[in-house]
There are 2 protein chains.
Amino acid sequence: MATTPRRRIPEAAISRLPVYLRILSELEAEEVARVSSDELAELAGVNAAKVRKDLSYLGSFGTRGVGYEVKFLTYQIQRELGLNQTWNVVIVGAGNLGQALANYGGIIQRGFTVAAVVDNDHSKVGTEVGGVRVRHVEELAQLAQSKDINIGIIATPAQHAQAAADVLVKAGIGSILNFAPTVLSVPRSVHVRKVDMALELQILSYYEQVRRQARGDNPSEQPASA
Amino acid sequence: MATTPRRRIPEAAISRLPVYLRILSELEAEEVARVSSDELAELAGVNAAKVRKDLSYLGSFGTRGVGYEVKFLTYQIQRELGLNQTWNVVIVGAGNLGQALANYGGIIQRGFTVAAVVDNDHSKVGTEVGGVRVRHVEELAQLAQSKDINIGIIATPAQHAQAAADVLVKAGIGSILNFAPTVLSVPRSVHVRKVDMALELQILSYYEQVRRQARGDNPSEQPASA
DNA sequence: TGATGTGAACCCATTCACAGCC
DNA sequence: GGCTGTGAATGGGTTCACATCA
């Protein structure tokens, strides 16, 4: 026990750390050595108090009157997020999306390795996707163990997403990234995050509609072609 | 004025409405006529009070002692989100991602039409992607006007994302869905939503690391192979 | 009776404002 | 002097619990 007392960091703050991290890596590429909370806030599109509060959860890594050392802060955030180690992921579903994800090197980037790709379709098993041979989904539990896989990506059609989640959970995987347009039912201890373009578009639709109504437009069902 | 008094609906509630909508459409496909807040909550993975509160922002559409009429509630949520009309979107960037988005019919679904695809690369202009001819990004403002486009999707490489956003804003587009791993700087009135797999994975990494530490593991940089 | 709709209580997140330190 | 770090104040969102009504 007592590796680190590990203060509880609010979920909202955690979700912003990767944003700061990305900005810091850009700054490092530009050989900027130090950054203030004001600058970082500007670049991250949030306010400075939030940046300072978020960073203060990690510890006191800044220098009063000066700012934060870019490299040091990068290291600390990576450490906090667990990005100083490699995580093995499995992609469930070797269709279009699964293949795209496995091949898109820019997405599965430093720190994440596609250790396995599985599918329930026997005709796909054995083909090569993103540098690994596709295995049958029944082998998942065994693969997860032997390859130390902790994160699963669901890239199946909607109707198979829940079954995919069940298999992942049974294989002992605790974190799931869900690309299927489906609400997954999983034990409370499992973390699920969702990537869903349709949802995002529908939310934007709302704000566009508000804008339209504010302008006084009255789009009675179908906007006229004139 | 006074199209609808339009009460302010909390952002958090808005972001859940598309989830309810999707569940309702599944229920409708299964020919379920009524649903209670308890059932809906279970299917949406939230608690029942939240469902009732969210829905109450739209009006009193349920029946006490009974529940909600699936079709009627669907209609009301669609209406609230502006999904009873068609939105035209432009995709900026005709590379791999842009092409995938334009072609993936399941993503650009009912209510959204890919009215234009633009790119800054002249060699791509004129090719056909997702049923439309790619136009040069300089034509965007003109296209936005003539085709009544309100939503832009950024599918460019990171280094061009801000320029893409600038062009969209200048063209009068008020809502942006950003697939590039970049924080966009836009006027406050513009709504931006982000789809970013790498960010999501990094957040999951954090929770896996917490789990690992809770188990007492001590993965000193590289986990040993034993 | 049973489920909605909603004020009130609670809780988490954001922002303020300034003490503390370089 | 300037910027961090952080208690305190504020605000928004969630949950509770019950009055209300079919």
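Every chain is numbered from 1, with letters handed out A, B, ... down the list of sequences.
When the C1' atom of D/dT4 is taken as reference, atom CZ of A/Arg34 falls 14 Å away, rounded to whole Å. When the C1' atom of D/dG12 is taken as reference, atom NZ of A/Lys50 falls 12 Å away, rounded to whole Å. The interatomic distance linking B/Gln76 (CD) with C/dG5 (P) rounds to 12 Å, in whole Å. Atom-to-atom, CD of A/Glu69 to P of D/dC3 comes out at 15 Å; the value is rounded to the nearest Å. Distance CD1 (B/Ile14) to P (D/dG13): 11 Å, rounded to an integer number of Å. For the pair A/Asp38 CG and C/dT15 P, the computed distance is 14 Å after rounding to whole Å. Atom CG of B/Leu40 and atom C1' of C/dG5 are 15 Å apart (whole Å). Rounded to whole Å, atom C1' of D/dT4 lies 12 Å from atom CG of A/Leu73.
At the phosphate of C/dC12, neither OP1 nor OP2 sits under 4.0 Å from any side-chain N or O atom of A/Tyr57. Taking only side-chain nitrogens and oxygens, A/Ser37 never comes nearer than 4.0 Å to OP1 or OP2 of D/dC3. One finds a side-chain N or O of B/Tyr68 lying less than 4.0 angstrom from the OP1 or OP2 phosphate oxygen of C/dG5.
No donor-acceptor distance shorter than 3.5 angstrom exists from the side chain of B/Asn96 to the backbone of B/Ala100, with no hydrogens or angles considered. Counting only distance, with no hydrogens or angles, the side chain of B/Thr86 and the backbone of B/Gly111 share no donor-acceptor pair below 3.5 Å.
B/Tyr207 and A/His191 have parallel rings, their planes meeting at less than 30° on a 0 to 90° scale where 60° marks the start of perpendicular.
Of all nucleotides listed (D/dG13, C/dG5, D/dG5), C/dG5 comes nearest to the side chain of B/Ser60.
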Which letters describe nucleotides 16-22 of chain C, given B = protein heavy atom under 4.0 Å from base, S = only from sugar-phosphate, - = neither? BB-BBBB

Apply salt bridge (Lys or Arg N to Asp or Glu O under 4.0 Å) to A/Arg212 and B/Asp148, showing your working. CA-CA 12 Å; A/Arg212 213 168 243 195; B/Asp148 189 29; 3.5 Å; yes

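Minimum heavy-atom separation, A/Ile154 to A/Ala161: CD1-O, 3.8 Å. The shortest non-hydrogen separation linking B/Arg211 to A/Gly174 is NH2-O, 3.0 Å.
Contacts of B/Arg16 with the nucleic acid, taken as non-hydrogen atoms under 4.0 Å apart, involve only primed sugar atoms and P, OP1 or OP2.
When each of A/Tyr75, A/Tyr68, A/Phe72 is paired with A/Phe61, the ring pair (Phe, Tyr, Trp, His ring centres under 6.0 Å) condition holds for A/Phe72 and for no other.
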